[in-house]
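Okay, structure first, notes after.
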There are 2 protein chains.
Amino acid sequence: MYQDQQPGDDRHERQPTIVDVANRAGVAIGTVSRHLNGQSVRMSNRDQIERAIAELGYRRNSTAVAMKTDTSHIVGFMVPSLGEFHAGILEQLTRKMRLNGRAVLSFCHDMKPHLVREGLEFFASHRVDAVVMDGEDVVRADLLPYIEKGLVVALYDNDVEGIPVDRVFVDNRRASARAVDHLIDLGHRRVATIRGNERDYAARERLAGFRQACDARGVVVPPEYVVHGNWGEIGGYFGIRALMELAEPPTAIFSANYNMTIGALTWAQENGVVLPRDLSLVSFDDVPAFKLHNPGITAVEQPIERLADTLSSVLDARLADPAVMGRREIKVECNIILRGSTGPVQQ
Amino acid sequence: MYQDQQPGDDRHERQPTIVDVANRAGVAIGTVSRHLNGQSVRMSNRDQIERAIAELGYRRNSTAVAMKTDTSHIVGFMVPSLGEFHAGILEQLTRKMRLNGRAVLSFCHDMKPHLVREGLEFFASHRVDAVVMDGEDVVRADLLPYIEKGLVVALYDNDVEGIPVDRVFVDNRRASARAVDHLIDLGHRRVATIRGNERDYAARERLAGFRQACDARGVVVPPEYVVHGNWGEIGGYFGIRALMELAEPPTAIFSANYNMTIGALTWAQENGVVLPRDLSLVSFDDVPAFKLHNPGITAVEQPIERLADTLSSVLDARLADPAVMGRREIKVECNIILRGSTGPVQQ
DNA sequence: GTGAAAGCGCTAACAG
DNA sequence: CTGTTAGCGCTTTCAC
């Protein structure tokens with residue numbers, strides 16, 4: 001049934017182990033292990049070991065290490081999907097983690113509860129050192145038991161309240177307020193927003209920022225100036241339409257994310273609304289397409305690299321000593337990139 | 001120095017193991033293991049085991065399994081960076097792999113040889129089932145030893161010739177030829193290209209497609225109509241400039257990737273070149289920004305989902321039986337998305 | 001079917 | 001410093 005095990009067979013010939021190295025170097029495996037882990041070893045032995053390793057082509061079996069030490073040097077990354085923002089975070093996270101010898105295992109849950117469970121289960125059973133995730137609402141119920149079992153998790157982008165984890169967010173509220181301030185500075189008084197899904201923390205914060213800026217400057221916002229875009233492109237498309245078909249349409253719009261902005265732009269283009277003459281538009285999230293667009297889109301830029309940096313240092317600290325410090329919540333600031341889509345109010 | 005180990009301490013209380021389950025269920029660990037692996041077990045035992053698992057909150061330790069079986073159910077994914085294309089592949093790959101209980105571990109090598117070595121080393125030592133990677137030229141030298149040691153790898157996007165691995169590409173040549181055909185159909189005779197880095201297989205193929213289409217239609221391509229864009233945005237920017245400042249500038253350009261197209265578009269915008277009146281432009285790679293651009297950019301769409309699908313079935317087959325089948329090279333077709341950036345030649 | 005037992009490759013005591 | 005040894009949690013013989 002099975003092929004004969006010819007010597008020199010194409011199948012894996014057993015990889016050399018620490019035992020082989022020890023034998024060849026004429027020392028005990030303990031010594032090899034110590035050397036491998038950077039502890040000091042008599043110099044002559046060190047050379048012997050190095051030599052044996054090179055000759056054998058020995059490569060440490062990290063699964064064995066993981067099993068023994070209960071740390072895998074892998075961190076899990078769980079997101080709904082890998083659009084520009086999350087992909088950017090993943091890329092930077094990968095870079096940062098690599099400095100501590102860790103790699104990132106990714107999982108997309110597509111907003112489906114059974115998939116978040118499956119992913120969490122995978123992570124936990126593979127003993128990832130930690131998991132970083134977008135705090136979608138769908139994860140709340142499932143997350144808690146893992147955390148109680150000792151899983152280290154860090155949330156970003158979105159919050160799930162009431163669970164004891166570290167958090168790294170952008171200062172959604174402040175950045176939104178500043179973006180809206182910019183609109184008001186330009187003389188706009190009829191300013192509207194296309195908002196994200198209300199069950200998301202980020203959406204609530206961005207809306208709060210919008211309101212805060214308007215209130216502070218005495219700009220009143222009629223209820224019909226707040227439309228739901230539900231984070232998506234079509235939401236943006238119909239959102240702007242609802243706004244522009246009002247008897248008294250806004251002269252400026254704050255769109256709470258990239259996708260909705262794309263939708264809004266599409267509608268504007270189709271309907272001959274020219275920016276910034278007929279309408280000023282500012283978007284949360286900056287993406288390459290906005291720079292290229294004519295006119296360029298004024299946008300709130302999330303500092304992806306800093307987010308990933310922060311995430312990774314929070315995790316490093318937490319992993320170095322899981323118990324010592326209280327839960328942290330860090331907010332990082334955004335930049336506002338001024339481009340041509342916003343201009344003085346006309347009239 | 002250390003905290004007292006209070007019972008109920010916040011630190012990990014030892015997770016239940018298969019032994020605990022066996023004890024609680026009153027069977028031997030072998031029986032539990034068999035049940036866990038889907039082999040048949042006496043029904044009464046099955047129930048006992050299930051029960052014990054539930055009560056204990058037992059979770060299989062995949063690192064132990066990995067060590068024992070020498071398969072981790074993890075596949076490595078190595079790319080230079082996570083731009084739109086690679087991120088898309090990763091996302092789909094994640095989805096596909098999940099169906100077979102695998103997850104994807106990613107690593108960005110930033111085109112630095114020492115990082116590709118580090119990544120490969122990480123993958124190998126963690127005993128990934130396979131690695132899928134963009135066949136960048138930088139990996140060639142390092143890859144071979146791993147393959148000889150039995151590492152399963154699949155290449156996509158770009159080739160590294162002369163190594164025994166599976167390959168999944170887009171039909172770069174054919175797709176390019178079709179895109180250029182479209183230009184010629186529109187009456188263009190002065191057609192130029194901004195090409196990618198010549199050490200890359202994809203760049204060579206796309207150029208070959210360009211040439212092939214021109215030759216077939218009797219369109220002669222003067223040497224100065226082939227400019228090097230080196231895959232990047234600035235390459236595209238200066239590439240189009242070189243072309244348009246020619247005494248006899250082209251009336252149509254085929255840009256060999258997304259980044260160079262962005263650069264070209266930027267220059268065109270800055271210099272009052274309006275598409276498609278003054279110039280027709282077709283790009284390899286389709287990205288969201290192209291749909292939004294005014295006019296929309298005619299582009300070759302790489303079928304990301306199909307690529308990932310194919311990659312994952314090739315790997316499934318290979319992993320099911322590493323020896324049985326010869327190396328495979330699969331080419332998948334692209335779609336050409338016609339938009340407003342290409343039009344009949346003017347004059 | 002099942003239980004007992006032998007490891008997988010490694011780390012971390014432990015005694016020297 | 002070093003060698004020896006006891007496991008980590010699991011799969012997989014091997015008898016029964």
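What you see below is based on every heavy atom in this structure, not just the backbone, and it leaves out hydrogens, waters and symmetry mates. In what follows, chains carry the letters A, B, and so on, assigned in the order in which the sequence lines appear, proteins first and then strands, with residues in each chain numbered from 1.
Here A:R140 does not pair with A:E161 in a salt bridge; the nearest charged N to carboxylate O distance is not below 4.0 Å. Under a 4.0 Å N-O distance rule, the pair A:R117/A:E121 does not qualify as a salt bridge.
Between A:R34 atom CZ and D:dT2 atom P the separation is 7 Å, expressed in whole Å. Rounded to whole Å, the distance from NE2 on A:H35 to P on D:dC1 is 13 Å. If you measure from atom CG of A:N23 to atom C1' of D:dT4, you get 14 Å, rounded to the nearest angstrom. Nucleotide D:dT12 holds its C1' atom 14 Å from the CG atom of B:L36, rounded to whole Å. Taking atom CD1 of B:I18 as the reference point, atom C1' of D:dC10 lies 6 Å away to the nearest angstrom. In this structure, A:R46 atom CZ and D:dC1 atom P are separated by 12 Å, rounded to whole Å. Atom CD in B:Q15 sits roughly 10 Å away from atom P in D:dC10 (whole-Å rounding). In this structure, B:L56 places its CG atom 13 Å from P of D:dG9, rounding to the nearest Å.
Close to C:dT2, at under 4.0 Å from its OP1 or OP2, lies a side-chain N or O of B:R42. B:N37 has a side-chain polar atom (N or O) that falls below the 4.0 Å cut-off from OP1 or OP2 of D:dT11. Residue B:N45 places none of its side-chain N or O atoms closer than 4.0 Å to OP1 or OP2 of C:dG1. A close approach under 4.0 Å does not occur between any side-chain nitrogen or oxygen of A:S33 and OP1 or OP2 of C:dC10. When the side-chain nitrogen and oxygen atoms of B:T69 are compared with OP1 and OP2 of D:dT11, none of them lie within a distance under 4.0 Å.
When distances run from any side-chain atom of A:T17 to the nucleotides C:dG9, D:dC10, D:dT4, the shortest one goes to C:dG9. Closest approach to the A:K68 side chain among D:dC10, D:dC8, C:dT2 is made by D:dC8 (side chain taken as heavy atoms from C-beta onward). Counting only heavy atoms from C-beta on, B:N61 has its side chain closest to D:dC10 among D:dC10, C:dT11, C:dG3.
The aromatic rings of B:Y156 and B:H86 lie perpendicular to each other, with more than 60° between the two planes, well past the 30° mark. Below 30°, between 30° and 60°, or above 60°: for A:F107 and A:F123 the angle between ring planes is above 60°, a perpendicular geometry.
Toward the 5' end of DNA chain C, the nearer of the two residues B:M43 and A:S62, judged by each one's closest nucleotide, is B:M43.
Looking at heavy-atom distances under 4.0 Å, B:I29 makes contact with a base. Across all strands, B:S40 comes closer than 4.0 Å only to sugar-phosphate atoms, never to a base (heavy-atom distances).
Not a single donor-acceptor pair under 3.5 Å links the side chain of A:R59 to the backbone N or O of A:G57.
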